[in-house]
Amino acid sequence: NDMSLVTLERFNKLRFPDDPVKLTKLQRWCRRHKLPARKIGGEWYVNLKEFDSTKHVPKDDPAEVVRLVVERMRQHG
């Protein structure tokens, strides 16, 4: 239900209190469906319940970054 929908600012405070994510990055994550979010009247809202029940990778996934770097090195090696 919509009770678990929070604004990006609130989501940031609740899930990344010590190291907030830039709003532009959160919005990009929403657009790329990396967050369980939807747009209501021009504002993004994240579904907290859904976020907590699925294993989302906070920030940038180091393993994914390493994989991309290795791929790139292979291509240009």
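Everything numeric in this text was worked out from a predicted model, so none of it was measured.
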Nearest 0.5 angstrom please: [X] [atom1] to [Y] [atom2], how far?
X     : Y     : atom1 : atom2 : result
Phe11 : Tyr45 : CZ    : OH    : 15.0 Å
His33 : Arg38 : NE2   : CZ    : 14.0 Å
Gln27 : Arg32 : CD    : CZ    : 12.5 Å
Glu50 : Leu5  : CD    : CG    : 9.0 Å
Leu8  : Leu35 : CG    : CG    : 7.5 Å

Item to check | Contact check, side chains of Leu48 and Arg15, non-hydrogen atoms, under 4.5 Å | outcome: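 SC-SC contact between Leu48 and Arg15 confirmed.
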Checklist entry - Taking all atoms of both residues into account, what is the closest heavy-atom pair of Pro36 and Phe51, and its distance? => result CG-N, 3.5 Å
Item to check | Shortest non-hydrogen contact between Asn47 and Lys49, atoms and distance | outcome: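 So the minimum-distance heavy-atom pair works out to OD1-N, 3.2 Å.
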